[in-house]
Amino acid sequence: MDTKRLAKFLRFLHEDLAIPADGVQLALRHAEYNPSLLPMILWQYGLVNLSQLDEIFDWLNAVF
């Protein structure tokens, strides 16, 4: 994921899904080498529920 798309994605997570910035930062540290795993890491750590995970995948499909 390039820098511009990652910035849009992070903005979506924070503004639309209201995921706290510290939670996103935690997930980013774990997905440092493979940002495509970020949605699953957010779910694994309980930062998003299944409904939000579906929204994330829908958003990613629409953008990419």
Kindly list each side-chain donor-acceptor pair under 3.5 angstrom involving residues 46-62, sequence neighbours excluded, with atom names and distances?
{"residue": "Asn49", "atom": "OD1", "partner": "Ser51", "partner atom": "N", "Å": "3.0"}
{"residue": "Asn49", "atom": "OD1", "partner": "Gln52", "partner atom": "N", "Å": "2.7"}
{"residue": "Gln52", "atom": "OE1", "partner": "Asn49", "partner atom": "N", "Å": "2.9"}
{"residue": "Asn61", "atom": "ND2", "partner": "Phe57", "partner atom": "O", "Å": "3.3"}

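- In this structure, the separation between CD on Glu32 and CG on Leu37 is 12.5 Å, given to the nearest 0.5 Å.
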Report, one line per pair, each donor and acceptor closer than 3.5 Å where one atom sits in a side chain of residues 8-31; sequence neighbours left out.
{"residue": "His14", "atom": "ND1", "partner": "Ile19", "partner atom": "O", "Å": "3.3"}
{"residue": "His30", "atom": "NE2", "partner": "Tyr45", "partner atom": "OH", "Å": "3.3"}

